[in-house]
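Report on the following structure.
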Amino acid sequence: MSKNSPPQNTSTQVKKRKLSFNEQRELDSMESNIHKAEKRLAELTQESSDPEVVSNAIKLSQISAEMAEVQAKVDMLYKRWEELEQTVS
């Protein structure tokens, strides 16, 4: 590599750019979307501790599966939020 060549991009470098219209809308609604998903997760957690649900294996299994889906969604939303923030920071 010569002295005058530009530095090579590495995976640790994040390219800064302006968000597209859709990305900005996504970022603007991210906190609300996370709040809704976390609220649903709290509702499911509360429901899963109901004695009627605890004694019903099928219902408990359904709620547990939905809780896993909602938790995955929350995790994905936080990751995407971080990606969008890094893009503009």
Side-chain angles (χ1 to χ4, degrees):
M1 181 158 63
S2 70
K3 290 183 186 179
N4 297 331
S5 63
Q8 299 295 317
N9 282 341
T10 64
S11 60
T12 59
Q13 292 177 332
V14 177
K15 186 175 181 179
K16 308 294 185 217
R17 63 176 175 82
K18 185 175 178 181
L19 295 177
S20 70
F21 176 76
N22 287 336
E23 288 172 327
Q24 186 62 52
R25 286 183 47 191
E26 182 182 7
L27 180 60
D28 292 343
S29 65
M30 191 62 68
E31 285 186 65
S32 174
N33 291 339
I34 290 171
H35 178 71
K36 288 176 189 174
E38 287 179 334
K39 182 179 177 185
R40 180 64 184 146
L41 188 58
E43 291 169 354
L44 289 168
T45 301
Q46 180 70 30
E47 188 177 344
S48 71
S49 64
D50 184 331
E52 289 182 22
V53 173
V54 171
S55 63
N56 183 339
I58 294 172
K59 182 69 174 169
L60 186 59
S61 177
Q62 291 170 341
I63 290 173
S64 295
E66 187 175 352
M67 286 174 67
E69 290 174 15
V70 174
Q71 183 62 57
K73 181 178 180 180
V74 168
D75 294 343
M76 183 271 312
L77 287 169
Y78 273 114
K79 183 178 179 193
R80 180 65 177 148
W81 190 14
E82 182 180 356
E83 290 171 358
L84 291 171
E85 286 290 335
Q86 286 179 354
T87 300
V88 296
S89 297

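- Remark: the backbone N or O of E52 is paired with a side-chain donor or acceptor of S55 at under 3.5 angstrom.
- Taking CD1 from I58 and CD from Q62, the interatomic distance works out to 7.5 Å, rounded to the nearest 0.5 Å.
- A37 and V70 get closest at one heavy-atom pair: O-CG1, 3.3 Å.
- In this structure a side-chain-to-backbone donor-acceptor pair under 3.5 Å is missing from S61 to A57.
- For the side-chain contact (heavy atoms from CB on, under 4.5 Å) with L84, the lone residue among M30, Q24, K79 that qualifies is M30.
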* **Chi angles and distances behind the side chain to side chain contact (heavy atoms under 4.5 Å, CB included) call for E31, W81** => CA-CA 8 Å; E31 285 186 65; W81 190 14; 3.5 Å; yes
* Taking it one step at a time, do S29 and R25 satisfy side chain to side chain contact (heavy atoms under 4.5 Å, CB included)? -> CA-CA 6 Å; S29 65; R25 286 183 47 191; 5.9 Å; no
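- With sequence neighbours left out, the side-chain contact (heavy atoms from CB on, under 4.5 Å) criterion links S49 to Q46.
- Atom CD of E83 is separated from atom CE of M76 by 10.0 Å, given to the nearest 0.5 angstrom.
- Once rounded to the nearest 0.5 Å, the distance linking CG of L44 with NZ of K39 reads 12.5 Å.
- In terms of heavy atoms, V54 sits closest to S48 at CG2-O, 3.3 Å.
- Summarising the geometry, atom CG belonging to L77 is positioned 13.0 Å from atom NE2 belonging to H35; distances are rounded to the nearest 0.5 Å.
- For the residue pair Y78 and E38, a side-chain donor N or O sits within less than 3.5 Å of a side-chain acceptor on the partner.
- Checked for salt-bridge contact, R17 and E23 meet the test: a charged N lies under 4.0 Å from a carboxylate O.
- We find the CG-CD1 distance between L41 and I34 to be 13.0 Å, quoted to the nearest 0.5 Å.
- For E85, the CD atom is densely surrounded, since the number of other residues' heavy atoms within 6.0 Å is greater than 12.
- Screening residues 56-75 for salt bridge (charged side-chain N to carboxylate O under 4.0 Å, His left out) gives R40-E66, E47-K59 as the qualifying pairs, with residues at least two apart or on separate chains.
- R80 contributes atom CZ, which lies 12.0 Å from atom CG of N33 (distance to the nearest 0.5 angstrom).
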* To do: Kindly determine whether K18 and V88 satisfy side chain to side chain contact (heavy atoms under 4.5 Å, CB included), including the steps that lead there.
  => CA-CA 6 Å; K18 185 175 178 181; V88 296; over 6 Å; no
